[in-house]
Amino acid sequence: MRKIFELYAPCHFGLEAVLKKEIIDIGYDITKVEDGRVYFEGDDEAVARANMWLRTTERVMINVAQFRATSFSELFDSVADIPWEEYIPVDGKFWVSKATSVKSKLFSPSDIQSIVKKAIVERLKRIYKKDWFEETGAEYPLRVSINKDIVTVGLDTTGVSLHKRGYRTMTAKAPITETLAAALIMLTPWKKNRILIDPFCGSGTFVIEAAMMAANIAPGLKRGFLSCKWSNLISKEVWDNTYEEAREMVDIDTNVDIQGYDIDKSIVEAARSNATRAGVIDMLHLQCRDVASLSHPKKYGFIITNPPYGERLEEKENLPAIYKALGERYANLDSWSLYLITSYDDACKYIGREPDKNRKIYNGMLQTRFYQYMGPRPPKKTK
């Protein structure tokens, strides 16, 4: 009988519903949702498929244990009681890659890391009858988070963050991560049969992510994962089947109208290179072009973009003209919708009207707003 894991996936605060829908769409049951984290159940195949298909999370974790601890002795004893031999083989390399603590009595990350590592070693010494572990095998990094004295011990199945799709080697000054870009696209009603333009495309993240969605290209198809080497938990056959499934589901010939513009020619070239590596260059129209020339003859399109927000004083001086131009060009489009993420406080002032919706989203440590100006929906087709 295949082992069932409780898994969890972290996400940007406020985007839990997007990730939850993604997990349900690939076939797994949600067990609970917390701020910045969605839990679900699945077997070894679920670990592989979640890593392969989830676009809006940074990693997929096995929820090894949760318990209460208010002292380091409690932490040690509870960790030592976990059946680590079910997860880590005798030659496995294991360490606590990250520890965090919020509103808890145990608050020192370095001490938490040290105590957890020591407790695991003591458990495995007793089980494997060894006094020393070479740790020359596959890697099993752990993450420990403590929130209000509740400890969550997670085993990282991913390794390098899932936002590293493998296509982006060149970036603009203020790049948006691939996972956040995908989540923001999913917050909109955009579908592949609708026009999409990013007039500040930078290195192409929004348009590339949209094209990958349209072509059903799995975000993990061109990369590997730490758990690919976990032969004790996930067989090579499971991984082979997961990659084969992802390759078979690609539909690169789908018809789309996705355009990306940027005023910087070198950045547009970087976007082209990234799109080529992502396998979607033939689906995109990328051009060196100022936002002031933005236009399209058709109705019901979408603008989804991350405009400049002014990192330096001289850049801030240009922002009113940039946002005003965007607002003017948007006003001239017929029944379009505009979605932009920015930290520029006066964005709405220069767009020309207040947004229909807006939400606070952190892009890394930067607090931003996702403004939504929603145009009318196209009329339903009559038979």
Side-chain angles (χ1 to χ4, degrees), residues 1-10 37 39-52 57-69 72-101 106 109-146 150-162 220 223-240 242:
M1 186 174 178
R2 299 172 84 164
K3 182 177 176 64
I4 301 298
F5 302 104
E6 182 174 49
L7 306 169
Y8 65 88
R37 189 179 289 181
Y39 291 79
F40 60 106
E41 284 186 341
D43 56 13
D44 52 350
E45 184 180 87
V47 173
R49 296 188 71 248
N51 274 294
M52 179 64 68
T57 185
E58 298 294 323
R59 58 192 68 251
V60 177
M61 306 288 297
I62 295 176
N63 188 25
V64 176
Q66 285 185 311
F67 52 86
R68 180 179 174 82
F72 283 117
S73 60
E74 284 183 316
L75 178 65
F76 181 94
D77 291 342
S78 295
V79 172
D81 284 341
I82 297 169
W84 288 107
E85 62 277 8
E86 296 180 9
Y87 299 96
I88 303 172
V90 66
D91 66 342
K93 181 179 180 180
F94 57 96
W95 73 101
V96 180
S97 60
K98 186 174 182 179
T100 59
S101 178
L106 302 179
S110 59
D111 288 338
I112 294 167
Q113 289 172 299
S114 177
I115 293 294
V116 171
K117 169 77 176 188
K118 184 177 179 181
I120 298 171
V121 169
E122 291 304 311
R123 167 84 186 200
L124 293 183
K125 282 168 66 174
R126 187 171 72 253
I127 298 297
Y128 290 133
K129 313 295 186 197
K130 290 176 69 72
D131 291 326
W132 179 259
F133 295 96
E134 297 292 339
E135 299 191 42
T136 55
E139 298 180 344
Y140 296 79
L142 301 156
R143 291 186 168 223
V144 180
S145 60
I146 308 179
I150 301 300
V151 182
T152 300
V153 182
L155 181 59
D156 181 6
T157 73
T158 300
V160 176
S161 172
L162 290 175
R223 56 160 288 165
F225 312 94
L226 266 187
S227 49
C228 287
K229 298 181 180 179
W230 293 1
S231 57
N232 61 318
L233 293 176
I234 307 175
S235 70
K236 182 177 182 297
E237 181 183 11
V238 165
W239 279 111
D240 288 345
T242 300

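The model shown is predicted, which means the values in this text are computed figures rather than measured ones.
- Around the NZ atom of K117, the shell of radius 6.0 Å holds more than 12 heavy atoms that belong to other residues, nucleotides or ligands.
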- Would W84 and V153 count as a side chain to side chain contact (heavy atoms under 4.5 Å, CB included) if you check the C-alpha gap in whole Å, the side-chain angles of each, and the deciding distance to 0.1 Å? CA-CA 11 Å; W84 288 107; V153 182; 3.7 Å; yes
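- The shortest distance between side-chain heavy atoms of M61 and D156 falls below 4.5 Å.
- Without hydrogens or angle criteria, T242 side chain to V238 main chain gives a donor-acceptor distance under 3.5 Å.
- Judged purely by atom type and a 3.5 angstrom limit, R59 uses its side chain to pair as donor or acceptor with the backbone of G159.
- Note that CH2 of W239 is 11.0 Å distant from CD of E45, once rounded to the nearest 0.5 Å.
- The side-chain heavy atoms of L142 and S97, taken from C-beta on, include no pair separated by under 4.5 Å.
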- Check the pair I112 / F72 against side chain to side chain contact (heavy atoms under 4.5 Å, CB included), numbers first and verdict last. CA-CA 8 Å; I112 294 167; F72 283 117; 4.2 Å; yes
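- Note: L233 CG to L155 CG = 7.5 Å, rounded to the nearest 0.5 Å.
- Of the possible donor and acceptor atoms, one in the side chain of R223 sits under 3.5 Å from a partner among the backbone N and O of V160.
- You'll find the side chain of L162 reaches within 4.5 Å of the side chain of T57, heavy atoms only.
- With a 4.5 Å cut-off on side-chain heavy atoms, F225 and T157 do not count as touching.
- To the nearest 0.5 angstrom, N63 atom CG is 11.0 Å from F40 atom CZ.
- Ring geometry for Y87 versus F5: interplanar angle of 30 to 60°, hence tilted.
- With rounding to the nearest 0.5 angstrom, the CD1 atom of I88 is 5.5 Å from the CZ atom of F94.
- Heavy atoms only, all atoms of each residue included: R143 and Y8 are closest at O-OH, 4.4 Å.
- With hydrogens and angles ignored, the 3.5 Å screen pairs a side-chain donor or acceptor of T158 with a backbone N or O of V60.
- A salt bridge does not link R68 with E74: every distance from a Lys NZ or Arg NE/NH1/NH2 to an Asp or Glu carboxylate oxygen is 4.0 Å or more.
- Atom CZ of residue F76 and atom CG of residue D81 lie 10.0 Å apart, to the nearest 0.5 angstrom.
- Contact annotation: the side chain of I82 never approaches that of R123 to less than 4.5 Å [non-hydrogen atoms, C-beta and beyond].
- For the pair N51 and S227, the tightest heavy-atom approach, listed with the atom from each and the gap, is ND2-OG, 4.2 Å.
- Side chain of W230 to main chain of S235: no donor-acceptor pair is present (N/O by atom type, distance under 3.5 Å, no hydrogens or angles).
- Between I115 and V79 there is no side-chain heavy-atom pair separated by less than 4.5 Å.
- Taken from CG in D111 to CG in L106, the straight-line distance is 9.0 Å, to the nearest 0.5 Å.
- For W95 (side chain) and Q113 (main-chain N/O), no donor-acceptor pair under 3.5 Å exists by modelled atom type.
- The shortest heavy-atom contact between K130 and W132 is CE-O, 3.3 Å.
- Looking only at side-chain heavy atoms (C-beta outward), V151 and S78 stay at 4.5 Å or farther from each other.
- Counting heavy atoms from C-beta outward, F67 and D77 have side chains that stay 4.5 Å or more apart.
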